[in-house]
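Heads up, the thing below is written out as structure tokens.
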Amino acid sequence: MGLPSCCRRANVPRDASVVTVTRVATDAIPLEFRLEPTGDEVLDQILRKRRIVALERIAEFKERYAVQEMTPPQQRFLSDSTFLRYLEARDGDVGKAADMLDNTIRWRTERIDGRPCICPACAKSASAHCFIPLGEDKRGWQLIYSCAARAEDKHSDSSVTHMSVTLERLFDGSSKPGKIVWLIDMHGFGWRDFDMSMATTVVPMFSNQYPERMGQIVILDPPAGLKLIWEGLVSLLDPVTRRKIKMLRADKLEYFRTYCKTDAQYAFLDAVLQMKAVPGNLPAAEMERVSAEAHVPDVTRV
Ligand SMILES: [Zn+2]
């Protein structure tokens, strides 16, 4: 199913073609599209290759969309940064990127555009969800702390709404460039927190509707069983995904020291990880300080 004819120029071929990049120099990328180093040189090389291919194809990709004829929320969403993200997610294949972007435009029409950008569950109860932005880290990525055991509301659809509203607020209708670091605190995790529908709703939402937003997933203090399963699975994952996921235990404080940009971020993470993981149990003073410094959006009001 494609977009309405008013949204796309007619007679545009959708065939894919393969692009090979042999030179991957930082200076091959214009300054405004330069990537921040991730601290992982191999990953940086892969991301730079993708960026160069995407920049080569962006004009051709944009040609497919009659943006000026679309709705105001769609016009805001369809920034150069958005076109780049979709191209990068599909390794520069314009046809596949267009399929993906069309899908997101439909999803946004159904769930996002023209609706209040709030989480109804958190508006009713402050401890409904635990998905807390902490501001930018040293790489320019948005740190987000989450803990399933600190959330009252375990419904996957409600969690998806909260996460998407947070991303919309952080990236101005998902139009601005930027990535997140999803810090997943496993303290207090139990089967009551595990909902299979979470895996079938949250993961597709991130990969299909917010491609290239995930800078890193950091799992804090995973149970021994999960770490073992991970070590078995890791070789099956593609190199980018593998490099984006970290499991930290004793080494988590070193990670925070390396990547936290402010003392308030470090103080919050250090404090919260020492508190019992039950709904609403958060370090009040540290939370207030980090929220004020990071200008964290309030998802309970417009
Ligand atoms: Zn919420």
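All figures in this text were calculated on a predicted structure; none of them were measured in a lab. Indexing begins at 1, ligand by ligand and atom by atom, following the structure's order.
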Residues Glu36, Arg139: salt bridge by 4.0 Å N-O rule: no
Electrostatic pair Asp298:Arg301 at N-O distance under 4.0 angstrom: yes
Centroid-centroid under 6.0 Å between Trp182 and Phe206 rings: yes
Check: Phe61 ring centroid to Tyr86 ring centroid under 6.0 Å: no
Residue and atom names of protein N/O/S atoms that fall under 2.8 Å from the Zn ion (ligand 1): Cys119 SG, Cys122 SG, His129 ND1, His162 ND1
Side-chain donor-acceptor contact under 3.5 Å, Thr161 with Arg111: yes
Inter- and intrachain pairs under side chain to side chain donor-acceptor pair (under 3.5 Å), touching residues 272-288, at least two apart: Asp270-Gln274
